[in-house]
**Q** 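Next up is a structure, given as structure tokens.
This chain uses plain numbering: 1 for the first residue, then up along the sequence.
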Amino acid sequence: QVQLAESGGGLVQAGGSLRLSCAASRRSLSRYVMGWFRQAPGKEREFVAAISWNGGNSYYADSVKGRFTISRDNAKNTVSLQMNSLKPEDTAVYYCAAEQSTRPIVGVIRPDYWGQGTQVTVSS
């Protein structure tokens, strides 16, 4: 069982930046593909970004490509999402997710574990 805990959410003005972090407990993340999803009010949860188990490959939704960067530190058991040039439409609850896989190339992941989520609000 992997437990994931997100942090770093908050309120930011459009054009600003936030950095989300996800810390894992009980298990090492080194055997997991990691990702971020988000869910805006009244909308379905959507994929944001994913990173391979060793950080060698990443994949992004078109809506965040060029603005968001996913990274991981297996030694610290953490995954991060750097969000720049934020837009009001990025407002959502952001969830960290883990898929038990060591595949080298990632796309949209199919999570086995989820965090509780952290709120990101971007004001116009």
**Q** Report the residues that fulfil salt bridge (Lys or Arg N to Asp or Glu O under 4.0 Å) with Glu6, sequence neighbours left out, ordered by chain and then residue number.
**A**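 Salt bridge (Lys or Arg N to Asp or Glu O under 4.0 Å) check on Glu6 returns nothing, list empty.
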**Q** From Asp73 CG over to Ser30 OG, what is the distance, rounded to the nearest 0.5 angstrom?
**A**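 OG of Ser30 is found 11.5 Å from CG of Asp73.
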**Q** Could you grab the distance from atom CD of Gln1 to atom OG of Ser25, nearest 0.5 Å is fine?
**A**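 Between atom CD of Gln1 and atom OG of Ser25 there are 9.5 Å.
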**Q** Is there any disulfide (SG to SG under 2.5 Å) pair reaching into residues 87-124, and which pairs are they, with sequence neighbours excluded?
**A**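 Residue pairs with at least one partner in residues 87-124: Cys22-Cys96.
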**Q** Walk me through it: do Gln119 and Leu11 pass the test side chain to side chain contact (heavy atoms under 4.5 Å, CB included)?
**A** CA-CA 8 Å; Gln119 177 71 46; Leu11 173 64; over 6 Å; no
**Q** Any side-chain heavy atom of Val12 sitting closer than 4.5 Å to one from Met83?
**A**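 Answer no - side chains too far apart.
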**Q** Enter the distance from Arg31:CZ to Ser101:OG here, rounded to the nearest 0.5 Å.
**A**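 Going from CZ on Arg31 over to OG on Ser101, the span is 9.5 Å.
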**Q** Are the side chain of Tyr60 and the backbone N or O of Ile70 linked by a donor-acceptor pair below 3.5 Å?
**A**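 Flag set: sc Tyr60 to bb Ile70 pair under 3.5 Å.
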**Q** Apply salt bridge (Lys or Arg N to Asp or Glu O under 4.0 Å) to Glu46 and list each qualifying residue two or more places apart in sequence or on a separate chain.
**A**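 Listed in chain order: Arg38.
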**Q** Could you identify which residues cluster with Val93, counting Ile, Leu, Val, Met, Phe, Trp and Tyr as linked when any side-chain heavy atoms lie under 4.5 Å apart, either directly or through a chain of such contacts?
**A**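 Via sub-4.5 Å side-chain contacts, Val93 links to Val33, Phe37, Phe47, Tyr59, Tyr95, Val106, Val108, Ile109, Trp114.
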**Q** With Ala14, which residues qualify under side-chain contact (heavy atoms from CB on, under 4.5 Å), at least two apart?
**A**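 side-chain contact (heavy atoms from CB on, under 4.5 Å) check on Ala14 returns Pro88, Val122.
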**Q** Mind checking whether Trp36 and Phe68 have side chains closer than 4.5 Å, heavy atoms only?
**A**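 With C-beta onward as the side chain, the pair stays apart.
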**Q** Using a 3.5 Å cut-off and no angle test, enumerate the donor-acceptor pairs between side-chain atoms of residues 75-82 and protein atoms at least two apart in sequence or in another chain.
**A**
from, atom 1, to, atom 2, distance (Å)
Asn77, OD1, Leu29, N, 2.8
Asn77, ND2, Ala24, O, 3.4
Asn77, ND2, Arg27, O, 2.9
Gln82, OE1, Arg19, NH1, 3.2
Gln82, NE2, Asn84, OD1, 2.9

**Q** Is any side-chain heavy atom of Ser21 closer than 4.5 Å to a side-chain heavy atom of Ser7?
**A**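 Answer yes - side chains close enough.
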**Q** Regarding Lys87 and Asp90, does a basic nitrogen lie under 4.0 Å from an acidic carboxylate oxygen?
**A**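 Here Lys87 does not pair with Asp90 in a salt bridge, since their nearest N and O are not under 4.0 Å apart.
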**Q** Hey, is the main chain of Arg110 close enough, under 3.5 Å, to the side chain of Glu99 for a donor-acceptor pair?
**A**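 The answer is yes, because a donor-acceptor pair under 3.5 Å joins these two groups.
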**Q** What are the two closest non-hydrogen atoms of Ser17 and Ser85, and how far apart are they?
**A**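 The answer is OG-N, 4.4 Å.
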**Q** Does Asn54 reach the main-chain N or O of Asn74 with its side chain, forming a donor-acceptor pair under 3.5 Å?
**A**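 Not confirmed, Asn54 side chain does not pair with Asn74 backbone.
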